[in-house]
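Okay, so here's the structure we're looking at.
Counting convention: from 1, in listed order, for ligands and their atoms alike.
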Amino acid sequence: MKLARFDDNRIGIVRDDDIIDVTDVVDGRPGEWPPVAMNRLIANFAEFRGKLETAARGKGKPLGTVKLLTPVPWPNKIIAYPVNYHEHGIEMGSSYRANNQGFFFKPPSALSGPSDPIILPVNAARRIDHECELAIVISKQGRDIARDDCRDYVFGFSCLIDAVIRGKEERVTRKGFDTFCPVGPWIVTADEVGDASQHLQGRLWVNGELKQNANTRDLILDIPAMIEMASSVMTLYPGDIIAAGTPAGVGPIRHGDKVKIEFERVGSMTLDVIQGESGKYSIFALPLPAESKP
Ligand code: MN
């Protein structure tokens with residue numbers, strides 16, 4: 001099942017070319033704040049599933065007539081793994097890997113959706129890069145989750161771009177700008193992907209040119225290992241997002257670019273990159289320190 005959020009926080013099931021509004025079926029509340037309808041749906045999915053499958057046979061409206069939004073706008077947290085592909089570690093000259101470095105956070109306020117642009121901060125004198133990552137959406141609350149149990153904690157998958165200003169400052173400062181975490185275009189539930197999640201091809205293009213092209217089979221920490229590590233530190237909650245880490249091929253995005261991300265069995269989305277008017281007083285007006293690699 002492909003579950004999307006659209007228009008004013010409505011919930012829908014996406015089929016080939018259309019979307020069925022199931023907002024009422026899942027106790028959705030358009031316009032609510034905080035927007036947690038998808039969190040409720042994920043937490044209570046077993047209860048809703050039968051009704052959703054019935055609704056999925058109904059009449060939809062053309063996908064092109066709605067505005068798709070990021071599927072989980074209010075996760076408890078976004079966990080992200082740095083250097084989780086060897087080839088990316090090599091291109092960055094990194095001395096560490098995700099398995100010995102641990103993870104970091106991106107702020108939920110950085111989330112944006114498939115209809116939103118990536119907005120560049122106004123004064124960045126640094127390279128701002130794309131990173132093509134699989135998003136893993138957590139299904140239920142858990143702590144100290146054993147590797148063998150991880151499958152029960154994966155609700156589904158989405159595409160995620162981990163945008164970043166290069167440098168040595170704290171990651172959350174460089175990766176936390178509004179719109180620096182596009183996720184979408186929807187969540188594909190884990191049952192539709194199954195064990196294939198361990199070998200999904202992910203690709204990213206800038207202006208039609210293929211920049212990143214890698215398979216999740218080459219992750220250093222695989223999906224169970226990421227869940228095991230994160231949940232050893234903190235409780236995971238329904239709707240939490242894990243960004244699996246980028247493969248090699250990261251590169252700059254600039255005003256006017258179109259960035260397309262795709263994961264097989266999941267979907268794709270194409271985003272505009274535009275110059276914004278915020279971020280004026282940040283440290284990033286200074287050039288990249290000489291000791292830093294881009
Ligand atoms: Mn990343």
Could you please tell me which protein N, O or S atoms lie under 2.8 Å from the Mn ion (ligand 1)? Glu131 OE1, Glu133 OE2, Asp162 OD2
Salt bridge (Lys or Arg N to Asp or Glu O under 4.0 Å): pairs with one or both residues in residues 221-231, sequence neighbours excluded: Arg147-Asp222
Between Phe263 and Phe157, is the ring centroid distance below 6.0 Å? no
Think Arg126 forms a cation-pi with Phe284, using NZ or CZ under 6.0 Å from the six-ring centre and within 45 degrees of its axis? no
With sequence neighbours left out, which residue pairs that include part of residues 65-81 fulfil the salt bridge (Lys or Arg N to Asp or Glu O under 4.0 Å) condition? Lys67-Asp116, Lys77-Asp240
Are any of the side-chain heavy atoms of Asp18 and Leu63 separated by less than 4.5 Å? no
Those residues that, when tested against Glu264, pass salt bridge (Lys or Arg N to Asp or Glu O under 4.0 Å) (two or more places apart): none
